[in-house]
Amino acid sequence: MRGIVLLCAVGLACARPKPNFVILFADDLGIDQINVPGMAYGYSGEKGVIKTPHLAAMAKNGLVFQTFYASFHVCSPSRASIMTGRYSIRSGIGAAPGQYAPDAPGLNLNSKVFSAEAVGGLPLNETTIAEALKPAGYRTAAIGKWHLGQRETYLPTNRGFDQYFGVPFSQDMGLSFWFFNNLDPVEPYQPTGLPLLNDTEIIEQPVALDRLVHRYVDAAVDFIADCAARDEPFFLYLPFNHVHMPNSCSQQFCNSSRQGPVGDAVQEMDWAIGQILAALELHKVENNTLTFFTSDNGAPLIQDPDGDMLLRDGKASTWEGGFRVPAMAHWPGTIPAGKVTEAIGSTMDLFPTMLALADVPLPKDRVYDGLDISRLLLGQTDTAHDCIMYYHNAAAINASGELFAVRCGDHKVYWATHSTTNQPWPDGPQDPPLIFDLHLDPGETIPLPSNTSLYKDILHAVTQKKNQHLLTIDIVPDQMAKGSIATYMLCSDPNSQSTYPRYPPCTLSPQNWHPNDICNSQACLASNPNFAKTCEETKLLRDIDTPVH
């Protein structure tokens with residue numbers, strides 16, 4: 001069987017059915033927050049306090065990346081890249097409107113992600129993985145966090161996916177028991193209760209986050225079972241809401257780790273991954289399915305100071321902790337088991353790799369930054385990218401000014417830095433540029449001396465690569481500059497306060513403001529210092545706020 005796969009991978013005729021694809025995409029997960037034994041650095045479950053046995057088994061039976069990169073340091077731009085195989089600067093996603101569009105409607109924000117009232121989204125002229133695979137006969141499903149525009153035209157069912165079930169943005173972008181804020185809406189990031197969508201219909205608002213992962217698993221397992229029964233190739237994209245703040249989990253996982261709510265959320269996500277891998281095996285499609293696990297960016301240090309260890313800094317920074325993420329690939333009988341690679345990989349590689357394995361031609365009308373890494377996955381090579389780009393803002397109008405760093409081979413050059421914590425080098429332009437050997441010094445602790453010939457040779461070579469890349473950047477419409485307008489918030493019932501006057505507007509699921517399973521669980525109350533007070537407040541509201549008729 002493996003020989004057949006290798007022939008297919010190099011483009012020779014073969015009658016093997018098209019492979020299935022599963023992308024498991026964590027949110028804000030750092031390289032050290034999962035527990036995979038035997039790695040050189042990272043993957044320690046922060047020294048053993050977080051347990052991820054299903055990911056450890058996936059790694060044991062597949063390929064683990066030691067140097068794998070998200071394309072950006074926060075989520076909307078990163079998600080644009082995994083869907084399109086391109087740096088998000090090419091789609092106009094990831095420039096802070098406060099800096100590049102001060103006259104944009106809504107608040108002038110420094111955020112580089114879409115708000116809950118965003119006007120823009122992933123441009124319709126961008127091709128997603130799902131849109132590329134559907135003409136080849138693939139069934140497609142997106143289950144989880146989208147965050148590429150919440151307006152209907154930008155939602156997954158209008159971007160190549162046959163079905164969608166999930167929260168369309170981060171789980172702190174709507175009020176809930178977990179993000180209570182005294183039930184005071186804040187525009188444009190928490191204008192309503194957090195919505196759950198089935199295709200384009202709001203079916204819960206606020207969503208019950210303690211049950212969400214279980215519902216994702218049920219939807220994913222049903223999709224796998226249905227595709228297997230019909231003998232249809234499928235692409236399942238499952239971007240978890242875990243482990244973005246505010247961290248949530250079911251009663252089953254409350255206080256299950258020794259790393260607080262974030263550790264509990266990691267362990268629940270690991271359980272969910274185990275359920276999905278078991279479904280692939282149960283329905284006898286495991287040996288024809290490439291399953292890929294990774295994260296959209298590094299861990300935010302405000303949530304878990306050790307989540308990216310031993311890398312420097314974390315989410316929203318241009319240091320390694322912002323971009324370098326855990327990653328592993330699993331395909332029994334095809335990907336050699338128990339391998340670790342130092343090859344430089346990227347989330348952008350999934351688009352061209354999946355198309356190549358499905359024998360779907362890559363569109364020729366645009367620049368792709370991702371590589372077909374099928375030969376790396378199959379154990380035929382141990383090389384991938386020569387260089388990786390680190391943008392601070394994805395602003396095409398100022399690409400040269402926002403391309404803060406470039407890694408080529410072992411060396412990373414910083415022309416400027418941006419940090420979320422105090423660093424030895426002040427933020428801003430670095431003159432002379434900082435150069436680190438990431439193979440010998442992955443924590444970026446000792447820059448190379450700038451007065452050596454080695455430094456000058458590296459700077460010259462990497463600068464050439466940087467300039468070559470910049471020549472490929474075209475000015476495109478800035479999606480973040482379209483701003484935020486309250487008209488585009490997701491609201492199930494604008495008149496809900498006539499029925500539930502004490503709850504925020506758009507309440508569809510009042511019972512979810514007070515999750516009984518959480519409030520009645522001593523383990524859950526002990527796991528989060530805010531829960532007891534919130535349970536008291538929401539119980540009072542529940543008891544006095546009977547529906548008005």
Side-chain angles (χ1 to χ4, degrees), residues 22-36 42-46 48-59 62 64 68 70 75 78-79 82 142-147 165-167 170-172 178 196 207-221 236-280 291-300 303-304 307-308 315 325-330 347 518 524 527-528:
V22 177
I23 295 178
L24 304 169
F25 202 32
D27 193 4
D28 283 6
L29 183 77
I31 196 169
D32 206 34
Q33 289 179 305
I34 62 174
N35 195 328
V36 176
Y43 294 95
S44 80
E46 298 181 32
V49 299
I50 302 173
K51 307 298 184 183
T52 55
H54 299 291
L55 282 167
M58 184 176 170
V64 184
F68 195 84
C75 55
S78 178
R79 289 159 196 274
I82 199 171
I143 299 170
K145 173 182 172 179
W146 180 239
H147 216 174
F165 180 75
V167 175
S170 299
Q171 63 184 39
D172 66 343
W178 290 264
L196 175 66
V207 61
L209 288 176
D210 57 320
R211 299 195 300 269
L212 186 61
V213 169
H214 290 258
R215 296 176 71 178
Y216 284 175
V217 166
D218 289 345
V221 169
L236 170 61
Y237 174 54
L238 205 166
F240 292 96
N241 289 86
H242 283 342
V243 292
H244 198 289
M245 65 179 300
N247 278 293
S248 59
C249 65
S250 62
Q251 178 187 2
Q252 173 186 351
F253 286 92
C254 282
N255 235 5
S256 64
S257 79
R258 289 186 287 136
Q259 190 61 354
V262 66
D264 297 348
V266 172
Q267 294 191 169
E268 183 172 61
M269 180 185 68
D270 179 74
W271 166 84
I273 289 168
Q275 297 298 301
I276 291 163
L277 293 175
L280 295 173
T291 302
F292 203 99
F293 169 81
T294 188
S295 176
D296 64 342
N297 44 251
Q303 174 173 276
D304 187 352
D308 304 297
K315 176 184 178 178
V325 290
M328 60 187 72
H330 179 261
T347 53
I518 300 299
C524 293
S527 72
N528 190 313

Worksheet item: Do the side-chain N and O atoms of Ser257 and Gln267 include a donor-acceptor pair separated by under 3.5 angstrom?
Response: no

Please tabulate, one pair per line, all N/O donor-acceptor pairs under 3.5 Å involving side-chain atoms of residues 270-280, not counting sequence neighbours.
residue, atom, partner, partner atom, Å
Asp270, OD1, His54, N, 3.2
Asp270, OD1, Leu55, N, 2.8
Asp270, OD2, His54, N, 3.2

Worksheet item: What closest approach, in Å, do His242 and Ala265 show between heavy atoms, and which atom pair accounts for it?
Response: CD2-O, 3.3 Å

Worksheet entry | Cystine candidate Cys249-Cys254, SG separation under 2.5 Å | no

Worksheet item: Considering only heavy atoms from C-beta outward, does the side chain of Ile50 approach that of Ile34 to under 4.5 Å?
Response: no

Worksheet item: Between Gln303 and Pro300, is there a donor-acceptor pair closer than 3.5 Å when you use the side chain of the first and the backbone of the second?
Response: no

Response to the item:
Taken in chain and number order and not counting sequence neighbours, the residues that satisfy disulfide (SG to SG under 2.5 Å) with Cys75 are none

Discussion item. Phe293 and side chain to side chain contact (heavy atoms under 4.5 Å, CB included): which single residue from Leu29, Val22, Val64 fits?
Written reply: Leu29

Worksheet item: How far does CD of Gln251 sit from OG of Ser527, to the nearest 0.5 angstrom?
Response: 10.5 Å

Item to complete: With the side chain counted from C-beta on, respond yes when Pro326 and Ser295 share a heavy-atom pair under 4.5 Å apart, and no when they do not.
Response: yes

Worksheet, complete the sentence: When every non-hydrogen atom of Gly307 is compared with those of Glu46, the smallest separation belongs to CA-OE2, 3.4 Å

Item to complete: Hey, could you give me the CD1/OH distance between Ile23 and Tyr237, rounded to the nearest 0.5 Å?
Response: 7.0 Å

Practice prompt. Have a look at Trp178 and tell me which of Leu209, Val207, Asn247 forms a side chain to side chain contact (heavy atoms under 4.5 Å, CB included) with it.
Written response: Leu209

Worksheet, complete the sentence: Closest non-hydrogen contact found for Arg79 with Pro239 is NH1-CB, 3.5 Å

Worksheet item: Do you know the tightest heavy-atom contact between Val36 and Ala59?
Response: CG1-CB, 3.6 Å

Fill in: Non-neighbouring partners of Arg258 that pass salt bridge (Lys or Arg N to Asp or Glu O under 4.0 Å), sequence neighbours left out
none

Worksheet entry | Test salt bridge (Lys or Arg N to Asp or Glu O under 4.0 Å) applied to Asp308 - qualifying residues, sequence neighbours left out | none

Worksheet item: Between CE of Met328 and CE of Met58, what distance do you get to the nearest 0.5 Å?
Response: 6.0 Å

Response to the item:
Closest non-hydrogen atoms of Gly48 and Lys51, given as atom of the first, atom of the second and distance, are O-NZ, 2.9 Å

Worksheet item: Strictly by modelled atom types, are Asp27 and Gln171 linked by a side-chain donor-acceptor pair under 3.5 Å?
Response: no

Discussion item. Using every non-hydrogen atom in the two residues, find where Thr294 and Ala327 come nearest and quote the distance to one decimal.
Written reply: OG1-CB, 3.8 Å

Item to complete: Indicate whether any N or O donor in one side chain lies under 3.5 Å from an N or O acceptor in the other, for Asp304 and Gln259.
Response: yes

Response to the item:
Residues passing the ring pair (Phe, Tyr, Trp, His ring centres under 6.0 Å) test with Phe68, sequence neighbours excluded, are Phe65, Phe292

Worksheet item: Is there a side-chain contact between Asp28 and Met245 (heavy atoms, below 4.5 Å)?
Response: no

Worksheet item: Regarding Thr52 and Asn35, is there a side-chain donor-to-acceptor distance under 3.5 Å anywhere?
Response: no

Worksheet item: Out of curiosity, Lys315 NZ to His244 NE2, how far, rounded to the nearest 0.5 Å?
Response: 3.5 Å

Discussion item. With a 4.5 Å cut-off on side-chain heavy atoms, are Phe165 and Leu196 touching?
Written reply: yes

Discussion item. What I'd like to find out is whether the side chain of Phe253 reaches to under 4.5 Å of the side chain of Val213, using heavy atoms alone.
Written reply: no

Response to the item:
Contacts of Ser44 meeting side chain to side chain contact (heavy atoms under 4.5 Å, CB included) (sequence neighbours excluded), chain-then-number -> Asp32, Lys47

Practice prompt. Take Glu268 and Gln252 through the test side-chain contact (heavy atoms from CB on, under 4.5 Å) and record every step on the way to the result.
Written response: CA-CA 9 Å; Glu268 183 172 61; Gln252 173 186 351; 5.9 Å; no

Worksheet, complete the sentence: When rounded to the nearest 0.5 Å, the distance separating CZ of Phe25 from OG1 of Thr347 is 5.5 Å

Practice prompt. State whether the side chain of Asp264 and the backbone N or O of Ser256 hold a donor-acceptor pair below 3.5 Å, judged by distance alone.
Written response: yes

